[in-house]
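The structure appears below as structure tokens.
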Amino acid sequence: MIDSFDAPDFLKMVRANDPDITEGDAKHYASSLSSGEAPSGCYIIKCGNCPIGCTYNNSCKWCLWPGFSTIPFGCFVILHGSDEKGHYVNAKGDTVVVKVDDENGTLACFMHRHDNSGKVCCYCNKV
């Protein structure tokens, strides 16, 4: 977590696909946006700097659906919006996707109930 939140430093980390951003910092950034809605469109999914898949995310204020995807069974995943601006949660509550770069439309995925809970597991970089 960044000691005192600094949006420019946070964005530098996000744009470098830094694995050390935290879910808390991501939510803090998303809450400052005028629109926290994830933009629909094509995304490259990266773990670290390694591309692992691509998807076309369909978004509305209450859901994010990565239905057209190279991820097996991705069409069965629907992330629903929460009361907090800028993030989506799956039905089990163990996956959170947060808008982490408003200018570039980048999303970050955080897994819960995992060794790396609270840290970014992958980025979705808008193409």
Side-chain angles (χ1 to χ4, degrees):
M1 181 176 226
I2 301 169
D3 290 331
S4 63
F5 189 81
D6 182 346
D9 285 346
F10 176 77
L11 286 173
K12 277 187 209 172
M13 293 172 73
V14 166
R15 291 173 182 170
N17 290 326
D18 192 318
D20 291 327
I21 72 163
T22 66
E23 185 177 341
D25 284 338
K27 287 180 176 180
H28 184 88
Y29 171 81
S31 71
S32 72
L33 301 176
S34 59
S35 170
E37 188 176 335
S40 294
C42 293
Y43 288 82
I44 300 292
I45 303 167
K46 290 183 175 182
C47 288
N49 284 319
C50 181
I52 62 161
C54 59
T55 185
Y56 185 91
N57 287 335
N58 289 300
S59 175
C60 67
K61 289 184 187 207
W62 59 270
C63 77
L64 178 66
W65 182 58
F68 306 105
S69 162
T70 60
I71 306 223
F73 306 105
C75 60
F76 295 109
V77 176
I78 296 177
L79 302 165
H80 48 277
S82 72
D83 291 335
E84 296 177 58
K85 183 172 31 170
H87 79 277
Y88 300 84
V89 182
N90 72 346
K92 291 184 350 184
D94 62 0
T95 304
V96 176
V97 174
V98 183
K99 185 177 183 181
V100 291
D101 185 344
D102 192 38
E103 183 180 339
N104 295 321
T106 304
L107 308 173
C109 181
F110 300 90
M111 304 294 279
H112 293 207
R113 300 182 198 106
H114 185 272
D115 292 343
N116 216 16
S117 283
K119 293 234 177 172
V120 67
C121 68
C122 64
Y123 286 96
C124 299
N125 300 105
K126 193 161 185 329
V127 179

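For the numbers below, each heavy atom of this structure counts, side chains included, while hydrogens, waters and symmetry mates do not.
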Minimum side-chain heavy-atom gap K99-L33 below 4.5 Å: yes

G105 versus P39, closest heavy-atom pair with distance: CA-CG, 3.9 Å

Sequence neighbours excluded, every pair satisfying side chain to side chain donor-acceptor pair (under 3.5 Å) that has a member inside residues 10-19: R15-D101, R15-E103, N17-N49

T106 versus Y123, closest heavy-atom pair with distance: CG2-CD2, 4.0 Å

Partner residues of S40 under the side chain to side chain contact (heavy atoms under 4.5 Å, CB included) criterion, sequence neighbours left out: Y56, S59

Short side-chain to backbone donor-acceptor contact, H87 and V96, under 3.5 Å: no

Residues which pass side chain to side chain contact (heavy atoms under 4.5 Å, CB included) with C54, listed by chain and number, not counting sequence neighbours: I44, T70

Passing option when L107 is tested against V14, V98, L64, V100 for side-chain contact (heavy atoms from CB on, under 4.5 Å): L64

Interatomic spacing from CH2 in W65 to CG in N57 - rounded to 0.5 Å: 10.0 Å

Pairwise distance CG(N104) to CG(N125) - rounded to 0.5 angstrom: 8.5 Å

Residue pair E23, K119: steps toward the side chain to side chain contact (heavy atoms under 4.5 Å, CB included) verdict: CA-CA 6 Å; E23 185 177 341; K119 293 234 177 172; over 6 Å; no

Partner set under ring-ring contact (aromatic ring centres under 6.0 Å, His included) for Y29, not counting sequence neighbours: F10

Partners meeting side chain to side chain contact (heavy atoms under 4.5 Å, CB included) with T95 (sequence neighbours left out): N90, C109, M111

Trace of the side chain to side chain contact (heavy atoms under 4.5 Å, CB included) decision for V120 with F110: CA-CA 5 Å; V120 67; F110 300 90; 3.8 Å; yes

